[in-house]
K.L.:
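Questions regarding the structure given below will be posed in turn.
Just so it is clear, the values below take in all heavy atoms, side chains as well, and ignore hydrogens, waters and symmetry mates.
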Amino acid sequence: MNDRQRVDLWLHRARFAKTRAAAARLISEGGVRLVHEGFARRIEKPSVEVTPGDALVFPQRGRLIAVRVEGIGARRGPASEARLLYAELDADSVG
């Protein structure tokens, strides 16, 4: 199984964005930060790949969301399946 996935696809499959285009727009607008191997950076391209262990910080519904990537989704399934793809983190302690 592939242990990498485009961040726009991951956000869509983890149900943080209703469409892949909406995820790509959020990323292109500079709204997503990636923490990979302890280094934080703002990502601007939807093609950036995430791997399990990475952390993402992004705005959603007026608040800052921070999650650790726990898995790579093969499809956009039900919320119960999507919930297995991430672990919630404290946004203030990430990056």
K.L.:
With hydrophobic residues grouped by side-chain heavy-atom distances under 4.5 Å, do Leu85 and Ile72 end up in a single group?
P.N.:
yes

K.L.:
Among residues at least two apart in sequence or on other chains, which ones pass side-chain hydrogen bond (donor to acceptor under 3.5 Å, both in side chains) with Arg6?
P.N.:
Asp8

K.L.:
Are Val32 and Val48 packed together at the side-chain level, in the sense that at least one heavy-atom pair is separated by less than 4.5 angstrom?
P.N.:
no

K.L.:
Taking salt bridge (charged side-chain N to carboxylate O under 4.0 Å, His left out) as the definition, give me every residue that meets it alongside Arg76, ordered by chain and number, with sequence neighbours left out.
P.N.:
none

K.L.:
May I have all residue pairs that pass side-chain hydrogen bond (donor to acceptor under 3.5 Å, both in side chains) and include part of residues 45-56, sequence neighbours excluded?
P.N.:
His36-Asp54, Thr51-Asp54

K.L.:
List for me each residue that meets salt bridge (charged side-chain N to carboxylate O under 4.0 Å, His left out) alongside Glu44, sequence neighbours excluded, and say none if there are none.
P.N.:
none

K.L.:
Spell out, yes or no, whether Val50 and Leu9 are grouped together once hydrophobic residues are joined by side-chain heavy atoms under 4.5 Å, including indirect joins.
P.N.:
no

K.L.:
For residues 56-69, which side-chain N or O atoms pair as donor and acceptor with protein atoms under 3.5 Å away, sequence neighbours left out?
P.N.:
residue: Gln60; atom: NE2; partner: Phe16; partner atom: O; Å: 2.6
residue: Arg68; atom: NE; partner: Glu70; partner atom: OE2; Å: 2.6
residue: Arg68; atom: NH2; partner: Glu70; partner atom: OE2; Å: 3.0

K.L.:
Look at the side chain of Arg42 and the backbone N and O of Gly30, then say whether any donor-acceptor pair between them is shorter than 3.5 Å.
P.N.:
yes

K.L.:
Do you know which two heavy atoms are closest between Ile27 and Pro46, and how far apart they sit?
P.N.:
CG2-N, 3.8 Å

K.L.:
Which atom names give the shortest non-hydrogen contact between Arg75 and Pro78, and what distance separates them?
P.N.:
NH2-CD, 3.8 Å

K.L.:
Would you say Val7 and Leu34 are hydrophobically clustered, going by side-chain heavy atoms of ILVMFWY under 4.5 Å?
P.N.:
yes

K.L.:
Donor-acceptor pair, Trp10 side chain versus Arg4 backbone, under 3.5 Å?
P.N.:
no

K.L.:
Which residues satisfy the side-chain contact (heavy atoms from CB on, under 4.5 Å) test with Glu88, sequence neighbours excluded?
P.N.:
Arg83, Tyr86

